[in-house]
Amino acid sequence: MGYRVVVAGATGNVGREMLNILAERQFPVDEIVALASRRSLGTEVSFGDKTLKTKDLEGFDFTGWDIALFAIGSDATKKYAPIAAKSGCVVIDNSSLYRYDADVPLVVPEVNPEAVDGYTKKNIIANPNCSTAQMVVALKPLHDRAKIKRVVVSTYQSVSGSGKDAIDELWNQTKGMYVPGQEVEPKVYPKQIAFNVIPHIDVFLDDGSTKEEWKMVAETKKIIDKSIKLTATCVRVPVFVGHSEAINIEFEEFLDEDEARDILREAPGIMVIDKREDGGYITPIECVGDYATYISRIRQDSTIENGLNIWCVSDNLRKGAALNAVQIAETLGNRCLKKG
Ligand SMILES: NC(=O)c1ccc[n+]([C@@H]2O[C@H](COP(=O)([O-])OP(=O)(O)OC[C@H]3O[C@@H](n4cnc5c(N)ncnc54)[C@H](OP(=O)(O)O)[C@@H]3O)[C@@H](O)[C@H]2O)c1
């Protein structure tokens with residue numbers, strides 16, 4: 001006995017990864033349907049060794065479907081998630097629409113799996129922002145040991161975090177640099193992304209920070225502990241897949257770098273690669289297609305009383321989106337929607 005599963009946004013970066021990961025992890029599926037906009041009607045997508053033909057989300061009847069994994073952006077989610085939820089189908093949503101709703105759990109299964117139980121209020125569970133997901137996996141076990149007071153994080157975020165058009169923009173702009181007359185003007189991004197970095201993700205807020213930076217603050221508080229102070233600078237870099245983060249952490253108690261390394265080695269979802277030699281750390285290109293959040297460069301920050309620096313890298317389409325969503329579905333199945 002398995003589940004009847006809907007994947008909405010199946011033609012997108014995250015949707016395709018959700019189908020891959022459901023198949024890889026042998027999620028118990030009785031029936032699966034791939035949905036996208038009318039533009040993609042009939043487009044073929046892979047699910048393990050099967051091929052699914054994409055159907056139109058508009059007008060889809062969610063009655064009798066158990067779980068819907070959504071990766072369609074906030075505007076479409078606003079329209080379709082309430083329809084699915086009202087039909088009795090539990091929505092696991094990748095957009096930011098419901099993340100800060102007190103009646104919707106925001107879940108990273110390695111960190112707060114018990115929060116899944118709160119899905120009943122709206123029949124919706126939210127997936128965090130990609131940059132938050134990998135960071136909280138690293139912060140939680142350290143917080144449990146030495147209580148985090150403050151975090152200063154700088155991100156180096158890949159273009160796949162902005163959808164498939166952004167991947168094309170980096171690819172075409174990079175190629176265009178070498179061919180006179182074929183230069184590609186920025187469309188997805190406000191400035192050239194090829195051979196450049198852009199310190200601006202999502203819209204600007206009144207205090208001069210960006211919405212992406214605000215999301216990291218609000219989501220860390222909701223998922224781990226509202227007492228944690230966090231300040232972020234989020235930067236887009238010309239990398240296709242894989243987000244990196246330089247994280248500085250100040251604790252209430254002293255935490256030795258060797259003990260931190262041991263704690264992280266034991267923590268769920270984490271791989272520590274930390275040799276103090278050339279290449280003894282992880283770069284984004286090495287994390288692509290993996291489940292783990294990689295931690296390197298673990299070292300004391302001696303400029304503050306109880307400080308630590310770490311380097312954190314993960315596949316943003318996986319832990320940052322599709323993997324986390326499937327892990328939420330697994331947690332939901334184990335804790336709440338038992339079958340068989
Ligand atoms: N990429 C990441 O690292 C990441 C991480 C966390 C969360 N997310 C979130 O996940 C969502 C999807 O991101 P993505 O990177 O996969 O974007 P994407 O590659 O641009 O794909 C978007 C998908 O949504 C579908 N869609 C868009 N508007 C629709 C509509 N009105 N009705 C039905 N389907 C519609 C598209 O279908 P068509 O192909 O038919 O247009 C496509 O399947 C976004 O909310 C994003 O913020 C992404």
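Numbering starts at 1 and runs along the sequence shown. Treat the numbers as computed from the prediction; the structure is a model and nothing was measured. Remember, it's 1-based here, ligands and their atoms both numbered in the order they're listed.
- Counting only residues at least two apart or in different chains, ring pair (Phe, Tyr, Trp, His ring centres under 6.0 Å) contacts with residues 228-247 are absent.
- Sorted by chain then number, the residues whose non-hydrogen atoms approach ligand 1 to under 4.0 Å are G9, A10, T11, G12, N13, V14, A36, S37, R39, S40, L57, A71, I72, G73, A76, N94, S95, C130, S160, G161, G163, K164, N316, L317, G320, A321.
- Taking the six-membered ring for Trp and thresholds of 30 and 60 degrees, Y178 and F195 have ring planes more than 60 degrees apart, a perpendicular arrangement.
- Under the ring pair (Phe, Tyr, Trp, His ring centres under 6.0 Å) criterion, Y80 pairs with no residue, sequence neighbours left out.
- In this structure, R236 forms no cation-pi arrangement with Y156, as its terminal cationic atom is not both closer than 6.0 Å to the ring centre and no more than 45° off the ring axis.
- Looking at T132 and E219, their side chains do bring a donor and an acceptor atom within 3.5 Å of each other.
- Think of F254 as one node in a network of Ile, Leu, Val, Met, Phe, Trp and Tyr side chains linked at under 4.5 Å; it has no links at all.
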